[in-house]
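Given the structure is predicted, the values throughout are model-derived calculations rather than measurements.
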There are 2 protein chains.
Amino acid sequence: MQRAPTIQIGTVAPKTATVNDPAQPGALGPARPLAPSELRYLVVATQREGNRTFARAVGELGLTPSHAEILVVLEEFGPMSLRDLGEMIVCEAGSPSRIVDTLVQRGLLERGVDPNDRRAIVITLTAEGRGKLPALRRIEHEMDGATADQLTPTQQVMVAGILRGFLAGTETGEALERRFARRPKATPRTR
Amino acid sequence: MQRAPTIQIGTVAPKTATVNDPAQPGALGPARPLAPSELRYLVVATQREGNRTFARAVGELGLTPSHAEILVVLEEFGPMSLRDLGEMIVCEAGSPSRIVDTLVQRGLLERGVDPNDRRAIVITLTAEGRGKLPALRRIEHEMDGATADQLTPTQQVMVAGILRGFLAGTETGEALERRFARRPKATPRTR
DNA sequence: TCACATTTGATGTTACGACATCTATTATAA
DNA sequence: TTATAATAGATGTCGTAACATCAAATGTGA
């Protein structure tokens, strides 16, 4: 309602209202005390907004946010088993069999066999899958730009640090740690 | 993996690892620079963890997080139309017809007619629905306590302020504003 | 070796989230 | 009035999240 109802497809929607002035690090509205559960709902709402924007952007490529996450991880870390993949992503905690299956059927991924373990599969990007990555990288960059329009670098680092602490010891927290802590460009993981 | 695999049902799961020391306001790990999209995934993961914990807790009452949100809002603000309800909640943006329908079928809500507008319905808590609220309040309190174990009040207010700024102008942001800004205890909204 | 547990991945189920579409009712304007 | 738009709500669809169960392959210890 307050926001422009239509977003320009292909780019990340610009915000029409900006409460925080990015020129002032740490600047925000008056520090209202927190109502019960308010923080949790703020996190929920933030995730929803981010996911919807991301979904519209990658939807242009015929992908969903989960698809995008998997493609990016596979390009970043190289081929891996379903189990290892599950330990690197936030979507589909546990085994992402079905999402991988969808991507295999669309020709973006390949299911290979592990010669050392006939239970395991080795998931590899196909050429077509790899072809999605420049656009995905561009979208990620645009999303980060939209975040930068709303939050100062100081605020971003502050929130990230707090959330990392909150997630310490959780499965998804460990997944993000594996994924973002050290960034081994195209280093296939083995276990 | 790092976390205890079983949680005691009926209470919020305790964290086994604590990186941040709540005794030191603002204390966090080293301020690692942000990788692309990392902040978004941190928010996603945080929302997932919170939602799973909340889901297990309210699951004891036979409810889902969405159910809980609606019951709490209706008790807080009194009977309202589906449209107004949709503008107060984060779950099911748009019209929560189906979730309300489920709750009506379970006898927790009642669908009434609006004498002034035959299109509209008036959603009211039944006695049984109202009976869930003490337990829901207790669960919310436990969730807040679990948050307090992980984040200092300073950190909480900081994150909340930043997220409010980020959500300014969005539908869900406005919904939370309506819901948490001023807290009119049991004041039925009319429009 | 053999019984048993563990691991890997697939699959079934329920409930949401987001989007689109549809009907009934009400509002608006020529 | 009457045509048209706007609104309230219901409903259909697709993909995901979380949970559970299952089969096949592998690991383990007696």
Side-chain angles (χ1 to χ4, degrees), chain A residues 1 5-7 9 44-45 47-56 58-59 62-70 80-87 89-106 111-123 171-172 191, chain B residues 1 5 7 9 44-45 47-59 62-70 80-87 89-106 111-123 171-172 191:
Chain A
M1 353 188 90
T6 59
I7 68 166
I9 297 299
V44 172
Q47 187 270 337
R48 294 278 166 81
E49 292 297 330
N51 200 58
R52 293 208 306 179
T53 305
F54 189 53
R56 290 180 197 183
V58 299
L63 300 175
T64 68
S66 298
H67 298 166
E69 183 177 16
I70 287 175
M80 65 180 75
S81 72
L82 196 59
R83 171 198 161 85
D84 287 345
L85 180 61
E87 287 180 352
I89 61 181
V90 176
C91 71
E92 191 86 2
S95 68
S97 303
R98 278 175 279 226
I99 300 182
V100 166
D101 205 59
T102 301
L103 291 170
V104 169
Q105 286 178 4
R106 294 197 192 172
R111 229 190 276 263
V113 292
D114 186 334
N116 300 326
D117 190 340
R118 276 190 293 173
R119 294 170 299 183
I121 65 177
V122 179
I123 307 163
E171 302 239 356
T172 51
R191 74 171 26 235
Chain B
M1 327 206 108
I7 68 165
I9 297 299
V44 172
Q47 187 271 336
R48 292 279 166 82
E49 293 296 331
N51 200 57
R52 293 207 307 177
T53 305
F54 189 54
R56 290 178 198 184
V58 299
L63 300 175
T64 68
S66 300
H67 298 167
E69 183 177 17
I70 287 176
M80 65 180 76
S81 72
L82 195 60
R83 172 199 159 85
D84 287 345
L85 180 62
E87 288 181 350
I89 61 180
V90 175
C91 72
E92 190 86 0
S95 67
S97 303
R98 277 174 280 224
I99 299 183
V100 166
D101 205 58
T102 302
L103 290 171
V104 168
Q105 287 178 3
R106 295 197 192 173
R111 228 189 278 262
V113 294
D114 185 336
N116 300 326
D117 189 340
R118 277 189 294 172
R119 292 171 299 184
I121 66 176
V122 178
I123 306 163
E171 302 239 356
T172 51
R191 77 171 22 237

Using heavy atoms to find the nearest nucleotide of DNA chain D for A:Pro65 and A:Asn116 separately, return the residue whose nucleotide is more 5′.
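Closer to the 5' end of DNA chain D: A:Pro65.
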Just checking B:Asp101: base, sugar-phosphate only, or nothing, at a heavy-atom cut-off of under 4.0 Å?
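No contact.
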So what does A:Asn51 hit on the nucleic acid, given a heavy-atom distance under 4.0 Å: a base, only sugar-phosphate, or nothing?
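Nothing, no heavy atom under 4.0 Å.
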May I ask you to evaluate whether [X] reaches the phosphate of [N], defined as a side-chain N or O under 4.0 Å from OP1 or OP2?
X	N	answer
A:Thr102	D:dG15	no
A:Arg98	D:dT16	no
B:Arg118	C:dT26	yes
B:Ser97	D:dA8	no
B:Arg52	D:dC19	yes
B:His67	C:dC16	yes

Looking only at atom types and distance, does a side-chain atom of A:Glu69 sit under 3.5 Å from a main-chain N or O of A:Cys91, one as donor and one as acceptor?
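Looks like yes, one N/O pair under 3.5 Å.
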Please give, in whole Å, the distance from [N] [atom2] to [X] [atom1]?
X	N	atom1	atom2	answer
B:Met80	D:dG9	CE	C1'	16 Å
B:Asp117	D:dA6	CG	C1'	12 Å
A:Leu63	D:dC14	CG	C1'	15 Å
B:Arg48	C:dC16	CZ	P	16 Å
B:Glu49	D:dA17	CD	C1'	12 Å
A:Leu103	D:dG15	CG	C1'	12 Å
A:Asp114	C:dT8	CG	P	11 Å
A:Ile70	D:dG15	CD1	C1'	13 Å

Could you grab the distance from atom [atom1] of [X] to atom [atom2] of [Y], nearest 0.5 Å is fine?
X	Y	atom1	atom2	result
A:Leu85	A:Ile70	CG	CD1	5.0 Å
B:Arg106	B:Leu63	CZ	CG	7.0 Å
B:Met80	B:Glu87	CE	CD	10.0 Å
A:Arg98	A:Ser66	CZ	OG	12.5 Å

Residue [X], side-chain atoms from C-beta onward, closest of [options]:
X	options	value
A:Ala120	D:dA25, C:dG9, D:dA10	C:dG9
A:Arg56	C:dC19, C:dG9, D:dT16	C:dC19
A:Ile99	D:dT16, C:dA15, D:dG9	D:dT16

Could you tell me which residues satisfy salt bridge (Lys or Arg N to Asp or Glu O under 4.0 Å) with A:Arg111, sequence neighbours excluded, listed by chain and number?
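If we apply the salt bridge (Lys or Arg N to Asp or Glu O under 4.0 Å) test to A:Arg111, skipping adjacent residues, the hits are A:Asp101.
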Please tabulate, one pair per line, each protein N/O and nucleotide N/O from nucleotides 5-7 of chain C that are separated by under 3.5 Å, including the distance.
{"residue": "C:dT7", "atom": "O2", "partner": "A:Arg119", "partner atom": "NH1", "Å": "2.6"}

Could you give me the CA-CA distance, side-chain angles and deciding distance for A:His67 and A:Ile99, then say whether side-chain contact (heavy atoms from CB on, under 4.5 Å) is met?
CA-CA 7 Å; A:His67 298 166; A:Ile99 300 182; 3.6 Å; yes
Are any non-hydrogen side-chain atoms of A:Asp114 and A:Ser81 less than 4.5 angstrom apart?
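SC-SC contact between A:Asp114 and A:Ser81 ruled out.
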